[in-house]
Amino acid sequence: MSGKYIVRQPIRDTDGNTLGHEILYHGANQAFSSDSSSSSAEFAAANTIYSFLTDNSPKVLKGTLNFMTFTTMLLMKKTPRLFDKNDLVIQIDDAVIIHPLSMHLVQQYVKEGYRIAVNDFQFTPRYLALLDDIHFIKINAKTSSEITIRNTVEVAHSMNIKCIVTSIDDANLYQRAIALGADGLEGPYVAGKLTTRAHSSAYIQSNFFQLMVAVTRDEPNVEEVERMIAADASLSYGLLKMVNSAYFALRHRATTITQAIMTLGLGQLKQWIYLLSASNAENEMDPGSEEFLKRSFMRANFCSELMNHAKNMPISKSEAYLMGMFSTLNYLIEAPMEEILAEVPVADEIKAALLTHEGRCGMLYDLVLSYESADWERITQLAEELGIPDNMMTSIYFICMENVNILWEQLTNPYPQQLPPTEGAPQG
């Protein structure tokens, strides 16, 4: 039997920047869908999702604009009011539009300042009558003709309404939606697409990459690691900022590279190495870099936490963390993954998983990728094969998401005070 899952899927603009996320729900009775077979079934489903959102709403909607489809029952339960109106877009579909009570509730939410999106917009009178109350129109790329999408975009733009094209699952649909003037794009292809930072393969010889290699050895040379960090101002700054963040709750501030490494430990340093590369004292990250690093950190956390439940795994939790983190290396460096992994001393099982998706490590990696793309059947299949209870998946996912959000907020806030000079760092 299929489990209950909740996934955040990105909605991006035509430049690849994230506009927001859609909260996708899958499970018994499809609580975010309008196809429940009876009102009692919908009521039971609404109660299930309402309870989950009550417990998890701060994690679900942290730091982004979120699109969530509400049934009549969820609107009646005042579920949207669990969320700040600045964070939520209330999505409605045909079942809500034809329900008089639902539309009255929707109009009330509009008066309160909530934004409204209409799924699968159609050129019929009941949809057109809504135009004054809506902010986003969503149209399906796979079921709508090119002329329909073009006309819908034109109507939307004439009324200052943004148009989001959904169900984009390949490059052709992606390019067509852009050409037709869509404001937002959504679907499996969009979810998997990352902006490449496009460092050349020479980046493999850089100080940061060599530090990553040094840290991930079975027996790292502590003096070598200290020397490499101290010689790089941005790495020094990033390490001290990270280790002194509230995430680690130190009683005393670490003020030197040696203290920071001793506090963190090489095992932890191995896990945070990507984030160190992003903690630059002088330059703000571009949106593509930020998303890349968040994706890396989320995959790493998710792989590691799933190891608490996966059976018969040939790697440790810390190795699973590295597998998730290194799964995005080919976005960091414009070089084949085989060439990159040849330079990184990680377990053969991890290399096989990342390159050919083989073995139980490959299954764990595929499970994380399937969750990202909301491939419900594949999620259930892989969870079962790995021995992971499917009813644990969503709670693990949101715990990891919360960890990413908390740490990211702390790492991107200004450092509280001027850092002292680090030993070994160039002076003057």
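Here Glu154 pairs with nothing under the salt bridge (Lys or Arg N to Asp or Glu O under 4.0 Å) rule; sequence neighbours left out. Remark: Thr356 engages Glu358 in a side-chain hydrogen bond (donor to acceptor under 3.5 Å, both in side chains) (not counting sequence neighbours). With sequence neighbours left out, the side chain to side chain contact (heavy atoms under 4.5 Å, CB included) criterion links His99 to Thr72, Leu101, Ser102. Shown here are the side-chain hydrogen bond (donor to acceptor under 3.5 Å, both in side chains) partners of Asn151, two or more places apart in sequence or in another chain: there are none. Considering only residues two or more places apart in sequence or on other chains, Ser144 meets the side-chain hydrogen bond (donor to acceptor under 3.5 Å, both in side chains) condition with none of them. By the ring-ring contact (aromatic ring centres under 6.0 Å, His included) test, Phe121 is found to be paired with Phe123, Tyr127, residues two or more places apart in sequence or in another chain being considered. By the side chain to side chain contact (heavy atoms under 4.5 Å, CB included) test, Ile178 is found to be paired with Thr14, Tyr174, Gln175, Leu185, residues two or more places apart in sequence or in another chain being considered. Checked against side chain to side chain contact (heavy atoms under 4.5 Å, CB included), Asp13 has the following partners two or more places apart in sequence or in another chain: Asp15, Asn17, Leu19. Under the ring-ring contact (aromatic ring centres under 6.0 Å, His included) criterion, His357 pairs with Tyr365, sequence neighbours left out. Residues passing the side-chain hydrogen bond (donor to acceptor under 3.5 Å, both in side chains) test with Ser327 are Arg299, sequence neighbours excluded. Scored by the side chain to side chain contact (heavy atoms under 4.5 Å, CB included) test, Val153 finds Ile149, His157, Cys163 as partners (sequence neighbours excluded).
Judged as a salt bridge (charged side-chain N to carboxylate O under 4.0 Å, His left out), the pairs with a partner in residues 102-130 (not counting sequence neighbours) are, in order, Arg81-Glu112, Asp94-Arg126.
Salt-bridge annotation for Glu186 and Lys138: present, with a side-chain N of the basic residue lying under 4.0 Å from a carboxylate O of the acidic one.
The environment of CG in Asp348 is sparse: at most 12 heavy-atom neighbours from other residues, nucleotides or ligands sit within 6.0 Å.
Checked against the 6.0 Å centroid threshold, Phe67 and Phe136 count as a close aromatic pair.
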Going through the distances and angles, do Gln381 and Glu377 end up as a side chain to side chain donor-acceptor pair (under 3.5 Å)? CA-CA 6 Å; Gln381 175 196 341; Glu377 291 186 9; over 6 Å; no

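At distances below 3.5 Å, not a single donor-acceptor pair connects side-chain atoms of Tyr189 with backbone N or O atoms of Leu173.
Looking only at atom types and distance, the side chain of Asp84 has a donor-acceptor partner in the side chain of Asn86 under 3.5 Å away.
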